[in-house]
*Asks:* 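Please read through the structure below; I'll follow up with questions.
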Amino acid sequence: MNTESIISAVGFCTYTGDGNFSVLEDSLRTISDLGASAAELSLYGEELISGGRIITSRLQRLLEITRQFDLRYSVHGQIISNFMDKEHLALQKAVVRAMLELCNRVEAGILVHHCGQAKMPALTRIGDLDQMERDALAELGEVAKGYGVRIALENIFALNDAEYRQTPAKVGETVSAVNSPNVCGLIDFSHAYIECTRLGLDWREQIKAMAPVTGHLHVHDSFGRPYSMAKFYHPAEATALGIGDLHLPIGWGDIPWEEIFSELTFLPDTTLIMEITENRFATEQADSLARALKLVDLVNSRRIAA
């Protein structure tokens with residue numbers, strides 16, 4: 001694959017470490033050995049930032065690890081990153097600035113950033129939350145420009161009606177409104193499926209609306225069922241019931257991947273990352289990679305034909 005393709009790299013996210021880098025290094029070795037071309041670094045778990053500042057000694061250790069592998073990198077920012085968090089907005093921005101610097105140092109072209117979350121306000125206040133996020137993205141997009149990085153805004157699902165999250169189409173509108181070459185959309189197909197089931201929306205239409213501004217993809221399977229149950233004694237129980245954000249190997253859920261990738265296209269130089277995040281699925285990674293490469297061909301072959 002090359003940067004002239006729509007989807008130019010395919011790989012997996014690293015498992016979340018506990019700060020000693022051993023999990024990260026092992027994950028990258030596995031991803032490389034599988035023959036993937038990309039890896040998303042789950043740096044939120046690696047104790048690299050303290051109070052908005054990068055810990056230089058730990059950064060050097062990170063670079064020693066990432067330079068061992070011939071992979072195209074993206075970085076997953078903080079899970080709790082939130083540009084609708086008015087109380088902590090300055091701190092949120094500081095961490096994103098640090099994450100952008102980390103992207104620059106590890107030569108990662110994408111920083112994954114979750115779309116905003118807040119308590120559901122009165123309808124007249126939703127616009128204020130949306131604008132707060134857009135202003136922050138425009139500001140940090142300028143920082144990202146200096147590093148040659150794109151901030152990829154990811155669609156997330158709400159847990160209940162008391163929580164405000166933008167729908168996938170609304171995330172696309174946010175990216176369009178920011179109108180920066182250094183801010184793009186990130187479609188998480190399973191998140192979209194869950195959120196649209198919860199709201200009674202057509203999820204295929206929602207991701208279709210978001211696709212034209214999308215430059216990064218998160219692929220993992222599910223059944224699109226919201227969390228009607230929240231307590232499981234083992235992750236396999238959630239899998240058995242098909243409830244929630246399962247992060248399953250491709251083909252384990254009921255997402256019609258071939259149909260989706262036959263009809264959607266994305267921004268040039270998009271990366272596809274499989275968020276199959278638990279090592280209990282390690283034996284399924286090779287099969288998921290083979291399936292993902294076939295999905296990529298469905299997109300890229302249309303551009304060649306055109």
Side-chain angles (χ1 to χ4, degrees), residues 13 16 40 42 44-45 76-89 91-92 95-96 112-134 136-137 152-175 185-207 209-210 216-248 252-255 273 275-278:
C13 63
T16 304
E40 190 150 291
S42 302
Y44 51 83
H76 199 304
Q78 300 278 100
I79 303 297
I80 61 168
S81 283
N82 182 7
F83 285 162
M84 293 183 185
D85 177 9
K86 185 175 182 179
E87 181 180 357
H88 303 106
L89 189 58
L91 296 177
Q92 295 276 9
V95 172
V96 172
V112 173
H113 181 84
H114 285 183
C115 71
Q117 179 269 341
K119 291 181 180 179
M120 181 61 76
L123 291 179
T124 55
R125 299 299 303 277
I126 286 178
D128 295 339
L129 291 172
D130 292 342
Q131 191 60 50
M132 186 191 314
E133 180 174 58
R134 292 177 183 185
L137 285 168
L153 188 64
E154 179 178 359
N155 62 289
I156 310 291
F157 56 89
L159 293 175
N160 53 57
D161 290 343
E163 179 182 352
Y164 175 60
R165 291 278 196 184
Q166 293 179 338
T167 63
K170 192 70 177 287
V171 172
E173 290 175 14
T174 293
V175 173
L186 189 172
I187 294 178
D188 186 303
F189 296 91
S190 182
H191 290 174
Y193 192 11
I194 292 167
E195 179 68 346
C196 293
T197 299
R198 190 182 71 83
L199 296 175
L201 300 174
D202 184 331
W203 79 283
R204 297 278 293 274
E205 288 300 313
Q206 286 282 315
I207 60 174
M210 188 176 168
H216 201 65
L217 306 174
H218 279 175
V219 167
H220 49 99
D221 224 332
S222 76
F223 296 90
R225 296 171 187 161
Y227 279 101
S228 53
M229 292 175 60
K231 181 176 177 59
F232 303 97
Y233 292 96
H234 192 279
E237 295 180 319
T239 302
L241 292 165
I243 291 176
D245 189 24
L246 299 170
H247 288 263
L248 298 175
W252 281 40
D254 65 2
I255 293 177
I273 293 293
E275 282 196 314
I276 303 172
T277 54
E278 299 285 350

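Keep in mind that this is a model prediction, so the values were computed, not measured.
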*Asks:* Say whether, by atom type as modelled, one donor and one acceptor occur between the side chain of Glu237 and the main chain of His234 under 3.5 angstrom.
*Replies:* yes
*Asks:* Anything under 30° is parallel, anything over 60° is perpendicular, the rest tilted; go ahead and classify Phe157 against Tyr227.
*Replies:* tilted
*Asks:* Determine the interplanar angle of the His76 and His218 rings, folded into 0 to 90°, and report it as parallel if under 30°, tilted if 30 to 60°, perpendicular if over 60°.
*Replies:* parallel
*Asks:* Is it true that a side-chain atom of Arg165 and a backbone atom of Cys115 form a donor plus acceptor pair closer than 3.5 Å?
*Replies:* yes
*Asks:* Using a strict cut-off of less than 4.0 Å between a Lys/Arg side-chain nitrogen and an Asp/Glu carboxylate oxygen, indicate whether Glu173 and Lys170 qualify as a salt bridge.
*Replies:* no
*Asks:* How long is the span from the CZ atom in Phe83 to the CG atom in Leu153, to the nearest 0.5 Å?
*Replies:* 9.0 Å
*Asks:* Work out which heavy atom in Arg225 is nearest to a heavy atom in Leu241; give both atom names and the distance.
*Replies:* NH1-O, 2.7 Å
*Asks:* Under a 3.5 Å distance rule, please check whether Glu40 uses its side chain to pair with a backbone N or O of Ile273 as donor and acceptor.
*Replies:* no
*Asks:* With a 3.5 Å distance limit and no angle check, can you tell me whether Glu195 reaches the backbone of Ala158 through a side-chain donor-acceptor pair?
*Replies:* yes
*Asks:* What are the two closest non-hydrogen atoms of Leu129 and Pro121, and how far apart are they?
*Replies:* CD1-CG, 3.6 Å
*Asks:* Considering all heavy atoms of both residues, which atom of Tyr44 and which atom of Gly77 are nearest to each other, and what is their separation?
*Replies:* CD2-O, 3.3 Å
*Asks:* Might you point out which heavy atoms bring Asp254 and Phe223 nearest each other, and give the distance in Å?
*Replies:* OD1-CA, 3.4 Å
*Asks:* Atom CD1 of Ile80 and atom CG of Leu91: how far apart are they, to the nearest 0.5 Å?
*Replies:* 10.0 Å
*Asks:* Okay, side chain of Asn155, backbone of Asp188: is any donor-acceptor separation there less than 3.5 Å?
*Replies:* yes
*Asks:* Roughly how far, to the nearest 0.5 Å, is OG1 of Thr239 from CG of Leu246?
*Replies:* 5.0 Å
*Asks:* Does the Glu205 side chain pair with the main chain of Ala169, one donor and one acceptor, at a distance under 3.5 Å?
*Replies:* no
*Asks:* Can you say whether the rings of His114 and His191 are parallel (under 30°), tilted (30 to 60°) or perpendicular (over 60°)?
*Replies:* perpendicular
*Asks:* Determine, stepwise, if the pair Arg198 / Leu159 fulfils side-chain contact (heavy atoms from CB on, under 4.5 Å).
*Replies:* CA-CA 9 Å; Arg198 190 182 71 83; Leu159 293 175; over 6 Å; no
*Asks:* Of all the heavy-atom pairs spanning Ile187 and Ile207, show the shortest one and how long it is.
*Replies:* CD1-O, 3.7 Å
*Asks:* Please confirm whether the backbone N or O of Gly45 pairs with a side-chain atom of Thr16, one donor and one acceptor, at under 3.5 Å?
*Replies:* no
*Asks:* Just by modelled atom types, is the Leu186 backbone N or O under 3.5 Å from a matching donor or acceptor in the Glu154 side chain?
*Replies:* no
